Amino acid sequence: MSSDGHPAVALDHIWKRYRLGLRRKGVSHKRTLAGEVSRALERSGLRRGRDEGARHIWALADVSFEVAEGEAVAIVGANGGGKSTALKLIARITEPWAGRVRTRGRVGSLIEIRSGIHPELTGRENIFLYGTILGLRRREIRRRFDDIVDFAELGRYIDTPVKRYSSGMEVRLGFSVAVHLEPDVLLIDEVLAVGDEAFQRRCLKRMDEIRAGGQTLVFVSHVFDDVRRLCPRAIYLDRGMVRADGPSGEVVDLYLRDVAERDDLYVGPATDQPIKQGPM
């Protein structure tokens with residue numbers, strides 16, 4: 001916890017649901033190729049239209065936790081357990097159904113390959129755009145520019161539109177921008193798995209430096225050696241709820257025991273009714 005008692009990240013009784021099915025009543029398909037295909041499938045009876053069979057799934061159900069300033073915390077759990085949803089809420093990419101998310105300072109994120117990256121812009125333009133979104137002045141971005149490009153190893157391609165980059169190049173750019181523009185809170189999802197082994201090692205080294213420098217780190221990964229090494233604390237999200245919160249070694253061991261005991265790794269939160277009765 002920071003000296004003034006305020007956490008860097010706080011989730012307070014968060015509920016987040018997603019709709020299963022196609023679309024709300026009265027919403028028509030756009031006049032695109034995908035829209036024409038959807039209409040054709042509905043006419044043929046291969047796809048149910050509008051709200052037929054529509055249900056909701058609770059991605060997070062009454063989730064609360066805090067991350068202190070300067071703390072490194074991992075979020076672990078099965079696919080679909082709510083890890084990425086939690087990061088997206090912290091990054092303000094999406095909003096909760098109910099509850100409150102609070103953050104302190106600038107939040108940088110690499111949650112998806114193109115997090116904060118616009119495919120039509122060049123690498124150079126994306127660096128300045130991302131820095132501006134974080135609230136940095138142009139001279140501050142220029143001061144970090146060469147380090148960003150060198151770390152990402154994109155010198156030859158920095159003035160090429162990102163839509164022509166490979167997925168690995170996009171990840172290198174996104175990670176390098178996120179860490180070198182020095183956000184107060186850094187969110188990293190398992191998207192790093194897209195990079196090659198050498199780049200992953202450099203990323204982990206950089207995250208070690210971030211942790212040592214007092215920045216707050218929230219890290220999602222299925223590579224549990226990295227979780228244990230980088231993060232003293234871990235939060236285990238299971239079917240949209242906090243299953244455990246404590247020392248990373250103990251939490252990872254609990255998750256692995258649960259996996260070994262389950263025939264199906266993920267059953268998912270209830271659809272029409274959440275595991276607990278959700279907010280009305």
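What you are looking at is a predicted structure, and each value in this text was computed from that prediction instead of being measured. Any value given below was found using the heavy atoms of this structure, including those in side chains, with hydrogens, waters and symmetry copies removed.
Counting heavy atoms from C-beta outward, V162 and N126 have side chains that approach closer than 4.5 Å. By the 4.5 Å heavy-atom criterion applied to side chains, L173 and Y165 are counted as neighbours. A 4.5 Å side-chain heavy-atom check between V9 and R102 finds every atom pair outside the cut-off. A 4.5 Å side-chain heavy-atom check between L237 and R243 finds every atom pair outside the cut-off. Considering only heavy atoms from C-beta on, W15 stays 4.5 Å or farther from L60 through its side chain. Looking at R164 and Y157, their side chains never come closer than 4.5 Å, going by heavy atoms from C-beta outward.
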* **T216 vs D184, side-chain contact (heavy atoms from CB on, under 4.5 Å): CA-CA, chis, key distance, verdict** => CA-CA 6 Å; T216 304; D184 300 295; over 6 Å; no

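Remark: F219 CZ to L186 CG distance equals 10.0 Å, nearest 0.5 Å. To the nearest 0.5 Å, atoms CG (L129) and NE2 (H118) are separated by 8.0 Å. Rounded to the nearest 0.5 Å, atoms CZ (F175) and CD1 (I188) are 5.0 Å apart. Expressed to the nearest 0.5 Å, how far CD of E182 lies from CD1 of I210 amounts to 9.0 Å. Rounding to the nearest 0.5 Å gives a distance of 11.0 Å between CG of L230 and SG of C203.
The aromatic rings of Y255 and H222 sit tilted relative to each other, their planes meeting at an angle between 30° and 60°.
Counting all heavy atoms, side chain and backbone alike, V76 lies closest to V251 at CG2-CG1, 4.0 Å.
Using a distance-only test at 3.5 Å, with no hydrogens or angles considered, a donor-acceptor pair links the side chain of S176 to the main chain of I148. The closest donor-acceptor contact from the side chain of K83 to the backbone of G77 lies under 3.5 Å.
A donor-acceptor contact closer than 3.5 angstrom is absent between the side chains of T122 and D159.
A centroid separation of less than 6.0 Å is found between the aromatic rings of F151 and H180.
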